[in-house]
Amino acid sequence: MSGEYQTISGIASAKHVVKKSRFYGEATAIQNRDEAKTFVADIEGRIRQATHYCYAYSLGQGDAKMEYVTDAGEPKNSAGPPILAAIHATGLSNTIIVVARYYGGINLGIGGLIRAYGSCARLSLENANIVNLNYYQDLNIKTSYNHIGTVVTLCKRLGGQIINIEYDPNPNIAIRIKQTELETFQERIQNIGTTSTSLK
């Protein structure tokens, strides 16, 4: 499994009009399903009165890959799948595209919807700034007070991030570590009697 992937920096957007129906797409990077839900909710709050908010996202790679599509009330497979196909075509990961539609009074048919949603999604990605990033794994570390400093130092040395530290009743450290450094990190903390569990 590669430790790097390509995704979007910031938010990329595009507009597309087909037979008076207006389509507005936005794409961005996400790390998990919660971030996807937050992004969709934000668009629903900013792009008001749209008749549909269809989207798709792809997270992770290999056996850990997670993908989701929704037609959001449009005919089955007419919106979500073509949006996901646009993500696949670019090879991006950890990416979500939301396409909001304002119905223009003229039915587009399933074929027309597939083309319209797919085109808007592709246009959004054409306007995107693509960056290379590392895959990370979130871990919860249970350790003793004596080893907090050791865990924190090791995490930072391997290019990881400290998300949070709880001290009561026992020390728990939430960290984010590169996938390429995960095995090394886990081996080293086991040597000091510290355990780790994955965070969703």
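Just so you know, residue 1 is the first one in the sequence shown, and it goes up from there.
Closest approach of Ser119 and His16 over heavy atoms only: CB-NE2, 3.7 Å. Summarising the geometry of Glu4 relative to Tyr135, their closest heavy-atom pair is O-CE1, 3.7 Å, with the distance given to 0.1 Å. Residues Ala86 and Leu125 share a closest heavy-atom pair of O-CD1, 3.4 Å. Nearest approach of Glu35 to Ala29, heavy atoms of both residues: OE1-O, 4.4 Å. Of all heavy-atom pairs spanning Cys54 and Ala79, the tightest one is SG-CB, 3.5 Å. The two atoms that bring Arg101 and Ser21 nearest to each other are NH2-OG, 3.1 Å, heavy atoms only.
Applying the ring-ring contact (aromatic ring centres under 6.0 Å, His included) test to residues at least two apart or on different chains, the pairs with a partner in residues 64-100 are Tyr55-Tyr68, Tyr57-Tyr68.
Separation of atoms OG (Ser13) and OH (Tyr24) is listed at 4.0 Å; rounding is to 0.5 Å. Between the CD1 atom in Ile175 and the CD atom in Gln161 there is a gap of 10.0 Å [rounded to 0.5 Å].
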Practice problem: Start with the C-alpha distance between Asn172 and Ile165, add both sets of side-chain angles, then the distance that settles side chain to side chain contact (heavy atoms under 4.5 Å, CB included), and finish with yes or no. | Solution: CA-CA 6 Å; Asn172 282 282; Ile165 301 178; over 6 Å; no

Quiz item: Can Glu166 and Lys142 be said to form a salt bridge (Lys or Arg N to Asp or Glu O under 4.0 Å), step by step?
Solution: CA-CA 10 Å; Glu166 296 180 356; Lys142 294 183 179 181; over 6 Å; no

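Side chains of Tyr117 and Glu74: a donor-acceptor N/O pair is present below 3.5 angstrom, by distance only.
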